Structure formats: C-alpha cells, structure tokens
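Owing to the predicted nature of the structure, the values given are computational and were not obtained by experimental measurement. Chain naming here is simple, since letters A, B, ... match the order of the sequence lines and numbering starts at 1 in each.
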Amino acid sequence: MTTVGVPAGWPATEEEARAVQDELRGRVVLDEPGPPPGSGHVTGVDVAYDDALDLVAAAAVVLDAATLDVVAEATAVGRVSFPYVPGLLAFREIPTVVAALERLPCPPGLVVCDGYGLAHPRRFGLAGHLGVLTGLPVIGVAKNPFTFTYDEPGPARGASAPLLAGTEEVGRALRTRDGVKPVFVSVGHRVSLDNALAHTLALTPRYRLPETTRRADALCRRALRQAAQRTAPGGAQEATTRQAPTS
DNA sequence: GCGACAG
DNA sequence: ATCTTGTCGC
C-alpha cells in the first residue's frame with residue numbers, strides 16, 4: 001500500500017499555518033443552501049492517529065442519504081503532517097482526508113466531518129478548509145463546544161440553541177437524542193446552517209453522532225490497525241504467530 | 001502571565 | 001486523538 005506524504009509547501013510552523021488560514025478564509029462560500037437532506041450522497045470523513053509510529057489513517061464512507069446504506073468507502077494512510085494545536089486541526093487531518101476522498105469511486109455529495117467550520121477562532125475550521133480545497137459542500141459536527149458558549153437546548157431531539165462566540169452565532173448546539181448531550185454543528189462550505197442542522201438530524205435516527213461519522217470512525221480505526229501492523233517490527237507475522245505454551 | 005482548548 | 005474493565009440500561 002502507498003503512504004500519503006506531507007504535501008509540498010505544507011506549513012511547518014503555527015505562524016505559517018495561521019497565515020494560510022487568513023489567506024484561504026475568504027474563499028469560503030456561505031450563500032448556498034447546499035443539497036437537500038435525504039437525497040443523493042452523504043459522505044463521512046474521519047481520521048485516526050498513531051503518533052508513536054507517525055501514522056495517520058483517514059476514511060471516507062459514502063452513504064445513500066435516503067436509506068443511510070453504505071454506497072462506497074475508501075481509506076488512505078499517511079505520515080503525521082502537523083502536531084495537534086487547537087485552532088489548527090485542519091493541518092493535521094486534511095492531506096490524508098483529501099487522499100481518501102480522491103480514492104472514492106463516486107462523487108461524495110455532501111461531506112460531514114468531525115470538528116468545526118465557522119465555529120473557529122478565525123472562522124476557518126476543518127470543514128471550511130476542506131470545502132475550499134475540494135470545492136465540495138461540507139459541514140462540521142463536533143462533540144464538544146470548544147471555547148464557545150451555548151444555552152442548553154430543550155431536552156427533546158431536534159431542539160437547538162445558538163453556539164456563540166461572544167454575541168456572534170458561529171453554529172448551533174443540536175440535540176440529536178432525547179436527554180443526551182447535544183452535538184455542535186457549524187457551516188463549512190456551500191451549505192446553510194439550517195440545512196446543516198437538517199442533515200445532521202437526518203443522519204441521527206438512532207445515535208447521538210451522525211451515521212457518517214460513526215462509519216468513518218470505525219473504518220479509519222480499522223485502517224490504522226492494519227497499517228500499524230504492517231509497520232511494526234515483525235510485520236504481519238506478529239499478529240498470526242502464537243506463543244508456544246511455557247513449562 | 002496563566003489557563004483553556006475541535007481531534 | 002489515545003490510554004482502558006466492567007457495568008448500568010434499553
């Protein structure tokens with residue numbers, strides 16, 4: 001299997017990365033509604049890491065938006081391209097995620113990623129960055145509110161409350177399951193906030209997190225295990241070798 | 001200056 | 001993100 005390298009010119013310092021964000025943030029498109037929920041394709045992307053082995057595994061899983069059945073999936077394995085720095089997550093995830101998306105046999109439709117879009121210190125999180133680089137409609141669904149504030153939404157699935165940076169609404173806290181902690185939805189690229197919420201609800205008939213991220217999460221972990229196995233001393237032998245009984 | 005901080 | 005067993009509940 002091939003390994004995705006760090007792209008030429010990829011920022012090496014936090015200062016360079018912030019400069020890239022400041023340059024690209026203007027290319028985010030916010031005035032399109034995006035595809036209607038329940039039709040076409042919806043694709044989840046996620047990434048898993050093994051920092052000790054310097055490995056990143058990304059997965060892209062395409063679902064039929066109406067049935068939530070898996071239509072296609074792809075993975076890519078690469079080297080870690082950036083350390084984790086709050087606000088600079090995109091530089092850690094994007095090269096391998098883009099490689100996985102490129103390996104899909106069909107158009108991804110709407111992309112759903114872990115993390116934020118507009119809900120970001122410079123209003124340019126992973127979802128916006130991925131959208132600008134691919135041109136695809138992208139939304140972000142995060143598990144945590146980061147540094148933002150929100151009032152607790154009502155207890156029923158579907159209830160939501162603004163996610164606030166001061167007084168600016170950068171996304172929404174959305175209850176996807178009765179009585180369960182909300183998820184945090186923000187716009188990435190070419191999708192309205194209301195439509196992003198509708199998509200998120202359509203993707204959560206049973207669990208708190210969207211089916212897209214659940215499927216992508218499971219797949220990228222699988223891909224990482226296999227890659228780590230091939231990388232580790234002893235390689236595939238290690239996994240299939242049984243220790244002889246002692247004494 | 002110190003602490004907090006998507007994944 | 002990742003380290004990690006059992007356990008409470010539908």
Side-chain angles (χ1 to χ4, degrees), chain A residues 11 14 17-18 20-21 25 28 44-60 75-98 100 111-132 138-150 157 163-166 168-174 176-189 193 196 200 204-210 212-225 227-229 231-232:
Chain A
E14 299 183 22
R18 287 188 203 95
V20 170
Q21 290 181 330
R25 56 192 286 189
V28 167
V45 293
D46 195 18
V47 174
Y49 300 94
D50 189 323
D51 286 286
L53 293 177
D54 187 31
L55 282 179
V56 179
T75 62
V77 174
R79 323 296 297 279
V80 174
S81 54
F82 209 84
Y84 173 65
V85 179
L88 301 179
L89 177 65
F91 296 94
R92 186 166 167 80
E93 308 221 326
I94 275 187
T96 323
V97 165
V98 169
V111 176
V112 180
C113 58
D114 276 20
Y116 291 120
L118 271 189
H120 179 273
R122 287 168 294 282
R123 305 296 176 268
F124 193 63
L126 172 61
H129 202 148
L130 185 61
V132 164
V138 184
I139 67 172
V141 180
K143 304 185 245 349
N144 298 289
F146 201 7
T147 61
F148 304 104
T149 60
Y150 66 100
R157 165 177 154 87
L163 186 63
L164 299 172
E168 177 186 359
E169 184 180 36
V170 294
R172 215 104 82 186
L174 174 66
T176 55
R177 297 276 293 152
D178 290 354
V180 172
K181 175 181 176 175
V183 298
F184 304 90
V185 180
S186 61
V187 163
H189 186 60
L193 182 54
T200 303
T204 50
R206 184 168 163 79
Y207 298 102
R208 173 184 178 234
L209 297 181
T212 37
T213 47
R214 289 168 43 78
R215 302 313 261 260
D217 178 76
L219 182 56
C220 71
R221 289 183 197 231
R222 237 178 289 148
L224 181 66
R225 284 201 322 261
Q229 203 169 94
T231 303

Considering residues, nucleotides and ligands other than A/R79, do more than 12 of their heavy atoms fall under 6.0 Å from its CZ?
no

Could you tell me how far apart A/Y207 (OH) and C/dC10 (P) are, to the nearest whole angstrom?
15 Å

Could you write out DNA chain B as a dot-bracket string, with dots for unpaired bases, | for bases paired across to another strand, and Watson-Crick or G-U pairs counted at under 3.5 Å?
.......

From B/dA6, B/dG7, C/dT2, nucleotide with atom closest to A/K143 side chain:
B/dG7

Length of the line joining A/R18:CZ and B/dA6:C1', which is rounded to integer Å
15 Å

Test your reading of the model: is there a side-chain donor-acceptor pair from A/R208 to the backbone of A/K181, 3.5 Å cut-off?
yes

Quick one, A/F91 with A/H129, criterion ring-ring contact (aromatic ring centres under 6.0 Å, His included). Give me CA distance, side-chain angles, the key distance, then yes/no.
CA-CA 9 Å; A/F91 296 94; A/H129 202 148; 5.2 Å; yes

Salt bridge or not for A/K143 and A/D114, using N-O below 4.0 Å?
yes

Please work out if A/Y49 contacts a base, only the sugar-phosphate, or nothing of the nucleic acid, heavy-atom cut-off 4.0 Å.
sugar-phosphate

Whole angstrom value for the distance that separates P of B/dA6 from CZ of A/R123
16 Å

I'd like to know if the side chain of A/S186 reaches the main chain of A/G117, judged simply by a donor and an acceptor atom lying under 3.5 Å from each other, with no hydrogens or angles considered.
yes

A/Y84 OH - B/dC5 C1' separation (whole Å):
6 Å

Heavy atoms from C-beta onward define the side chain here; which of B/dA6, C/dT2, C/dA1 lies closest to that of A/D114?
C/dA1

Counting the atoms with a prime plus P, OP1 and OP2 as sugar-phosphate, which does A/L88 contact under 4.0 Å by heavy atoms, base, sugar-phosphate, or nothing?
base

From CG of A/L89 across to P of C/dT2 the rounded distance in Å is 12 Å

List the steps and the verdict of ring-ring contact (aromatic ring centres under 6.0 Å, His included) for A/Y84 and A/Y49.
CA-CA 11 Å; A/Y84 173 65; A/Y49 300 94; 8.8 Å; no

Hey, are A/T75 and A/R222 close enough side-chain-wise for a donor-acceptor pair under 3.5 Å?
no

What's the CG-P distance between A/L118 and B/dA6, to the nearest Å?
18 Å

Need one value for A/A48: base, sugar-phosphate or nothing, where a base atom within 4.0 Å counts as base even if backbone is also close, heavy atoms only.
sugar-phosphate

Under 4.0 angstrom, heavy atoms only, what part of the nucleic acid is A/R206 near: base, sugar-phosphate, or nothing?
nothing

Does a nitrogen or oxygen in the side chain of A/R221 sit under 4.0 Å from OP1 or OP2 of C/dA1?
yes

Specify the separation, in whole Å, of atom CG of A/N144 and atom P of B/dA4.
15 Å

Check every strand shown and say whether A/G87 touches a base, only sugar-phosphate, or nothing at a heavy-atom separation below 4.0 Å.
base

Once you round it to whole Å, what is the distance between P of B/dC5 and CG of A/L163?
14 Å

